[in-house]
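In what follows, a structure is listed as structure tokens, so that the remarks can point back to it.
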Amino acid sequence: SGLAGETDLKCRQVFVYKEHIFYLPDDAKAIYEYDIIQKSWTKHTDCMTEWKKGAQFPYYEDTFAYRIRGNELFVTASYSNRILKFNLENGQYEFLKVGEDGAGFSGIELIGEELWLAEVHSGRIVRCSFSTKSYAIIEMPQEFQTWQAIYGRCLAHTEIWQMGDYVVTVPGFSNGMVKIDRRSGEAVMLLPELWKLPENRINGFNSKAVLNAGFSRKLDENTLYVQRNCDAALLKINVTQETCEECHPVMSKESLAHLMQGEDGFEKADTTADFSRKESPFFSLGGFVDDLVGDRLEQVKIRQKEALRTMAANLDGTCGEKVHAYIRKELDAEYRKA
């Protein structure tokens with residue numbers, strides 16, 4: 001409620017600040033703020049509109065990562081070398097320009113009076129000082145490699161984390177994690193053997209289409225959890241000792257049955273998407289064939305017609321007849337003119 005006319009509101013990040021919930025957009029025109037006490041919404045549109053002015057490369061998402069210091073929110077965008085600084089108390093904002101035009105940033109970290117940023121294309125880390133308004137660039141190790149996704153996207157790192165005396169990166173379309181000594185600026189690969197890409201596709205993983213790592217979370221100053229996407233392994237990494245515990249979380253049959261109860265996987269994710277069931281660990285190609293052969297998809301056909309009403313008309317089977325009648329009418333008119 002309170003967002004009349006809003007459809008397909010896709011949010012990338014959600015966080016709570018005092019009595020307010022903030023939604024950072026993935027594909028939306030504003031930062032959305034919900035007042036828990038007043039039960040009211042505020043749309044912060046101007047900052048998002050201004051951010052995109054002059055940007056030269058694609059918008060894969062409207063915002064990428066954020067950090068909070070007091071009442072100040074700092075947000076990156078992969079399409080801009082400007083960092084959004086947003087006041088969570090009053091909605092006022094400004095942009096901090098970092099580096100040259102054409103750069104973009106993904107991961108972000110706040111360490112004392114410094115802002116650390118991960119550049120999208122090169123993977124270089126930019127270290128900015130709030131007090132001196134200067135910045136330094138930390139180059140990646142020689143062994144560090146990046147590549148473009150099949151659709152042209154560059155995304156060297158997805159996150160950067162302060163881990164005690166170090167800053168650690170999480171790989172996107174790149175070949176591993178990097179550990180940076182905050183005092184010396186030295187950057188080295190961290191446990192590179194964990195990120196060797198499989199020679200063949202496994203579990204549908206394709207390094208040109210899927211990021212090397214999924215989520216990451218900081219447990220304490222020494223410990224970082226990272227998900228490896230090629231096999232869904234959960235990596236518990238001790239950054240100081242450079243050791244790793246690896247496990248493969250598995251749901252119990254009871255939990256899986258509860259999760260899947262009443263679900264068939266068919267959906268239309270947004271107004272321009274198709275209506276389909278995406279292959280995944282939950283819905284396999286074999287399962288689809290079994291449902292098809294077992295004639296268990298009749299209700300899906302009905303839902304499909306309803307879901308596609310916004311994209312097509314005459315889904316009652318008369319579409320071809322009406323197209324044919326229209327063409328004949330136009331041809332008859334042209335014949336009479338001749």
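Values reported hereafter were calculated over all heavy atoms of this structure, with side chains retained and with hydrogens, waters and symmetry mates removed. Note that the structure is predicted; figures quoted are calculated from it, not measured.
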Answer yes or no: are there more than 12 heavy-atom neighbours, outside K52 itself, under 6.0 Å from its atom NZ?
->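 Buried by this count: over 12 neighbours within 6.0 Å.
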Taking all non-hydrogen atoms of both residues into account, name the closest pair between [X] and [Y] and its distance.
X: K278; Y: D274; value: NZ-OD1, 3.4 Å
X: V120; Y: S106; value: CG2-N, 3.9 Å
X: P249; Y: A232; value: CD-O, 4.1 Å
X: C47; Y: F95; value: O-CZ, 3.4 Å
X: G107; Y: A65; value: CA-CB, 4.4 Å
X: C128; Y: V98; value: SG-CG1, 3.7 Å

Is there a side-chain contact between [X] and [Y] (heavy atoms, below 4.5 Å)?
X: R296; Y: D264; value: no
X: W195; Y: V226; value: yes
X: K218; Y: E221; value: yes
X: N175; Y: L197; value: no
X: L24; Y: I31; value: yes
X: F282; Y: L256; value: yes
X: Q227; Y: R217; value: no
X: M48; Y: P25; value: yes

Counting only N and O atoms by type, is there a donor-acceptor contact under 3.5 Å from the side chain of [X] to the main-chain atoms of [Y]?
X: R12; Y: F64; value: yes
X: N81; Y: G99; value: yes
X: T169; Y: V178; value: yes
X: Y79; Y: D62; value: yes
X: S78; Y: G104; value: no
X: K179; Y: V239; value: yes
X: D35; Y: S40; value: no
X: R127; Y: R182; value: yes
X: W51; Y: R82; value: yes
X: E109; Y: Q162; value: yes

Starting from the C-alpha separation in whole Å, work towards a yes-or-no answer on side-chain contact (heavy atoms from CB on, under 4.5 Å) for L73 and Y17.
-> CA-CA 10 Å; L73 169 71; Y17 175 77; over 6 Å; no
If a pair satisfies ring pair (Phe, Tyr, Trp, His ring centres under 6.0 Å) and one of its residues is in residues 208-257, list it, with sequence neighbours excluded.
->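 Listed by first then second residue: nothing to list.
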Membership question, hydrophobic clusters at under 4.5 Å side-chain separation (ILVMFWY): are [Y] and [X] in the same one?
X: M177; Y: L235; answer: yes
X: F130; Y: Y135; answer: yes
X: I150; Y: F205; answer: yes
X: V170; Y: L211; answer: no
X: I21; Y: Y32; answer: yes

As an exercise, state the distance from [atom1] of [X] to [atom2] of [Y], rounded to the nearest 0.5 Å.
X: I68; Y: L88; atom1: CD1; atom2: CG; result: 5.5 Å
X: K236; Y: L234; atom1: NZ; atom2: CG; result: 9.5 Å
X: S276; Y: K268; atom1: OG; atom2: NZ; result: 11.0 Å
X: L96; Y: T76; atom1: CG; atom2: OG1; result: 12.0 Å
X: I237; Y: T223; atom1: CD1; atom2: OG1; result: 10.0 Å
X: N238; Y: N222; atom1: CG; atom2: CG; result: 5.0 Å

Test side-chain contact (heavy atoms from CB on, under 4.5 Å) applied to H20 and Q38, step by step = CA-CA 10 Å; H20 300 259; Q38 300 297 326; over 6 Å; no
Decide if the gap between the ring center of [X] and the ring center of [Y] is smaller than 6.0 angstrom.
X: Y60; Y: Y151; value: yes
X: F86; Y: Y93; value: no
X: W41; Y: Y23; value: yes
X: F105; Y: F74; value: no

Salt bridge or not between [X] and [Y]? Use side-chain N to carboxylate O under 4.0 Å.
X: E159; Y: R67; value: yes
X: E263; Y: R277; value: no
X: R183; Y: E186; value: no
X: E61; Y: R153; value: yes
X: K53; Y: E50; value: no

Given side-chain contact (heavy atoms from CB on, under 4.5 Å), test F144 with H157 step by step and report yes or no.
-> CA-CA 11 Å; F144 182 76; H157 312 292; 3.3 Å; yes
Decide yes or no on salt bridge (Lys or Arg N to Asp or Glu O under 4.0 Å) for R303 and E306, but give the supporting numbers first.
-> CA-CA 5 Å; R303 286 168 44 216; E306 183 63 31; over 6 Å; no
Side chains of Q145 and W147, donor plus acceptor under 3.5 Å =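 No.
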Check the pair L84 / Y66 against side-chain contact (heavy atoms from CB on, under 4.5 Å), numbers first and verdict last.
-> CA-CA 9 Å; L84 173 64; Y66 76 94; over 6 Å; no
With respect to R124, which candidate in E139, E100, E119 satisfies the salt bridge (Lys or Arg N to Asp or Glu O under 4.0 Å) definition?
->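 Exactly one pass, corresponding to E139.
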